[in-house]
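Heads up: the structure comes next, in structure tokens.
Letters A, B, ... mirror the listed sequences (proteins, then strands); counts begin at 1.
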Amino acid sequence: MKGTSYRTHGCGDLRPDHIGCEVKVAGWVRRVRDMGQFVFLDLRDRSGIVQLYAPKSSPMYEVLRTLGREWVIQAEGTVRRRESPNPNLPTGEIEIEVETLTLLNRSEVPPFLIEDETDGLEELRLRYRYLDLRRPIMQRRLELRAQFLEVVRRYLRENGFLEVETPMLIRSTPEGARDFLVPSRLKPGSFYALPQSPQLLKQLLMIAGIDRYFQIARCFRDEDYRGDRQAEFTQLDCELSFVSQSEVLSIFTGLVQAVFQELIGVEIGEIPTLTYAEAMSRYGSDKPDLRYGLAWEEVSEWASQTEVPFWKGRRVFQLHLAQAKASRKLQEKWQEVAKSHGIPSLSIAQKEGEKISTSLQKFFTAQSLPPEAEGLWLWAAGENLPHAGLGALRSAVIQDLGLKPERPWALAWIIDFPLFEQDEQGKLAPAHHPFVHPHPEDLEYLEQAPLKVRGLCYDLVINGYEIMSGSLRCHAPELQMRIFRLLGFSEEEAQDKFGFLLEALGRGAPPHGGCAFGIDRWIMLLAGGSSLRDVIAFPKTASGSDLMLNAPAPLDPEQKAEILRWISS
RNA sequence: GGUCCGGUAGUUCAGCUGGUUAGAACGCCGGCCUGUCACGCCGGAGGCCGCGGGUUCGAGUCCCGUCCGGACCGCCA
């Protein structure tokens with residue numbers, strides 16, 4: 001740390017090399033320990049903690065012992081070797097014998113411990129976020145986030161990307177999440193929307209010839225929040241022209257490798273690719289947690305040759321754990337899980353040597369299974385097996401048996417997502433967003449069998465979290481219009497909502513595609529946390545309020561009246 | 001929008017089927033202590049039991065409403 005008029009060193013920077021030096025430090029009082037004949041004081045700043053010392057014979061003794069926690073002080077003194085070192089502290093071999101002390105500011109007694117292991121609950125920590133962020137562990141998380149941005153910027157710049165900012169006040173588009181709206185004063189009755197993502201703007205940048213773009217973009221979605229979902233969140237938003245899907249994946253594999261390597265020293269190697277169809281049938285999820293090898297296997301053929309009557313003519317999926325044992329209670333719980341996810345039949349068997357215990361007793365002996373196979377089996381059967389149910393069962397089994405991950409990090413590209421899905425009313429809806437380029441092999445039956453059409457899109461899944469999502473986009477206006485028509489937009493509606501895009505596509509749009517990383521979530525994983533709020537400096541609660549600023553808040557009456565005038569005209 | 005859990009000292013919590021003066025630990029304040037670093041020891045202060053209503057002789061405890069926080073479902077292209 002560079003010195004200023006307030007300090008010559010950071011508290012945590014002092015080492016035995018400094019013994020004998022006259023130093024000046026400034027920071028917050030972490031704790032005072034008055035021993036009678038002398039006093040110790042732990043002083044904290046961002047660089048760490050150093051112990052101040054004053055013997056009773058010094059005039060500083062009386063000064064130090066009366067200081068309160070979190071008071072801001074400046075101390076001047078001589079670095080000396082400790083009589084009893086503390087090996088748990090980087091500065092544990094030295095202390096500063098204080099000669100001059102300046103009180104820079106007092107502090108109220110803090111409502112919770114300003115320590116890595118705090119006693120404050122999250123609600124309190126959010127209310128006094130500036131105190132929460134004073135905790136070393138929180139500062140390390142902010143540091144990790146800053147390093148992340150640094151690595152990402154460097155990698156992308158080295159690969160020819162241009163960082164471009166796009167506006168926050170844009171217009172609302174009909175699909176997707178609910179928009180946050182901003183009333184316009186100069187055009188009463190009209191509204192801006194805050195971007196859910198810079199999707200269309202970055203496509204326009206490609207048409208502008210920017211070629212390779214990125215942005216650390218703040219995005220806003222007015223939906224309900226969760227531990228891993230905030231009203232505003234940060235995306236690493238990227239778009240490239242003149243690239244194939246595999247080229248996009250290869251460029252961003254490099255980025256992901258660089259981040260893991262430089263931030264946490266982990267070599268992730270190549271990232272395996274899984275199709276959507278494989279992911280769904282093996283793991284029951286399009287974002288499987290692949291730290292666990294456990295996978296469903298279709299055994300319909302084998303099942304039809306057994307005596308089990310309700311397996312005949314049905315599809316049967318099997319989950320086998322060679323080492324595992326499940327109590328009756330757990331088995332009942334899994335039956336509930338299966339039932340609540342619409343799985344028609346779940347059978348469970350436990351085999352040890354020649355002994356087998358199963359609800360299939362009547363139709364089934366130990367000989368029905370290969371002799372060397374042991375452990376726990378689950379069989380889900382039905383004409384129609386909802387994949388989500390298989391996924392929920394797999395998660396439940398992993399959690400309830402307390403399975404240990406086979407590896408700390410499991411990454412995968414998931415590709416070949418369907419382009420469309422059906423909503424509740426049976427209407428066609430984009431599975432991803434309406435600008436995804438259909439898979440060229442499936443283009444011919446776009447109109448005939450739209451649900452079978454795959455998109456040129458890809459997700460990156462890390463430990464069961466969707467960290468990045470992207471696609472190649474439609475660059476031909478005719479193709480984009482075909483998609484809009486399938487989604488039920490008339491020519492006029494499409495022109496009204498997306499006219500600017502269709503027009504731009506008709507003015508020399510290059511083939512292009514890109515992606516967006518949810519970086520809050522990714523940094524959360526890298527920091528080893530399970531809450532987004534721990535890696536965002538000033539996060540909001542699950543109901544979207546900021547407990548420190550007390551936002552959202554009612555308006556002044558005059559302000560409110562003015563807004564209402566704009567809105568209703 | 002729905003379901004569930006919680007709200008008691010500065011903090012984290014306990015408080016049984018309703019029953020005298022609502023507790024503990026940490027923190028805070030005062031005193032003592034020659035090497036602490038979660039210092040130790042002695043003493044003390046500290047409570048609209050989230051808010052409003054109801055039931056009851058009597059409510060922290062039961063009921064209704066409301067606000068706040070959390071988890072989950074819906075939602076989040």
Next on the checklist: Taking the ring of A:Tyr276 and the ring of A:Tyr458, is the distance between their centroids below 6.0 Å?
Outcome noted: no
Item to check | Within 45° cone and under 6.0 Å: A:Arg80 NZ/CZ vs A:Tyr53 ring | outcome: yes
Checklist outcome for this item: Pairing partner of B:rC4, by Watson-Crick or G-U wobble and under 3.5 Å for both distances, is B:rG70
Checklist entry - When you compare B:rG47 with B:rC37, how far apart are their C1' atoms, in angstrom units rounded to a whole number? => result 34 Å
Checklist entry - Applying a 3.5 Å limit to both distances, which nucleotide forms a Watson-Crick or G-U wobble pair with B:rA25? => result B:rU11
Checklist entry - So, A:Tyr213 and A:Gln215: side-chain donor and acceptor under 3.5 Å apart, yes or no? => result yes
Checklist entry - OP1 or OP2 of B:rC75 sitting under 4.0 Å from any side-chain N/O of A:Arg226? => result no
Extract from the structure each pairing of a protein N or O with an N or O of nucleotides 38-41 of chain B at less than 3.5 Å, listing the distance.
unit_1	atom_1	unit_2	atom_2	d
B:rC39	OP1	A:Arg31	NE	3.2
B:rC39	OP2	A:Arg31	NE	3.4
B:rC39	OP2	A:Arg31	NH1	2.6
B:rC39	N4	A:Asp34	O	2.7

Next on the checklist: So that I can tick it off, tell me whether A:Arg229 and A:Asp224 are bridged by a salt bridge, with the cut-off set at under 4.0 angstrom between side-chain N and carboxylate O.
Outcome noted: no
Checklist entry - Does one side chain, of A:Gln51 or A:Arg33, offer a donor that lies under 3.5 Å from an acceptor on the other? => result yes
Checklist entry - Where the side chain of A:Ala177 is concerned, which of B:rG27, B:rG70, B:rC76 is the nearest nucleotide? => result B:rC76
Checklist entry - The side chain of A:Ser84 lies closest to which of these nucleotides: B:rU36, B:rU34, B:rU11? => result B:rU36
Checklist entry - B:rU55 and B:rC63: how far apart are their P atoms, nearest whole angstrom? => result 15 Å
Checklist entry - Has the side chain of A:Glu223 got a donor or acceptor atom sitting under 3.5 Å from an opposite partner on the base of B:rG74? => result no
Checklist entry - Is a donor-acceptor pair below 3.5 Å formed from side chain A:Arg80 to base B:rG35, judging by atom type as modelled? => result yes
Checklist entry - Is a donor-acceptor contact shorter than 3.5 angstrom present between the side chain of A:Arg125 and the base of B:rU11? => result no
Checklist outcome for this item: Ranking B:rG35, B:rC73, B:rU12 by distance to the side chain of A:Leu121, first place goes to B:rU12
Checklist entry - Per the atom types in the model, does the base of B:rC75 pair as donor or acceptor with the side chain of A:Arg229 at under 3.5 Å? => result yes
Checklist entry - Is a side-chain donor or acceptor of A:Asp119 paired with a backbone partner of A:Phe112 at a separation under 3.5 angstrom? => result no
Item to check | Residues from residues 46-78 of chain A lying under 4.0 Å of RNA chain B - heavy atoms | outcome: A:Gln51, A:Tyr53, A:Arg69
Item to check | Salt-bridge present (A:Lys56, A:Glu62; N to O < 4.0 Å) | outcome: no
Checklist entry - Expressed as a whole number of Å, how far does the C1' atom of B:rU61 sit from that of B:rG70? => result 23 Å
Checklist entry - Closer to the 5' end of RNA chain B via nearest nucleotide, is it A:Leu113 or A:Arg178? => result A:Leu113
Checklist entry - How about A:Asp520 and A:Gln230: does a side-chain donor come under 3.5 Å of a side-chain acceptor? => result no
Checklist entry - Does B:rC37 have a Watson-Crick or wobble mate here (both distances under 3.5 Å), and if so which one? => result none
Checklist entry - A:Asp224 has a side chain; which of B:rG74, B:rG35, B:rA71 sits nearest to it? => result B:rG74
Checklist entry - Would a distance-only check, ignoring hydrogens and angles, find a side-chain to backbone donor-acceptor pair under 3.5 Å from A:Trp71 to A:Ser107? => result yes
Next on the checklist: Under a 3.5 Å cutoff, is there a donor and acceptor pairing between the side chains of A:Gln199 and A:Gln203?
Outcome noted: yes
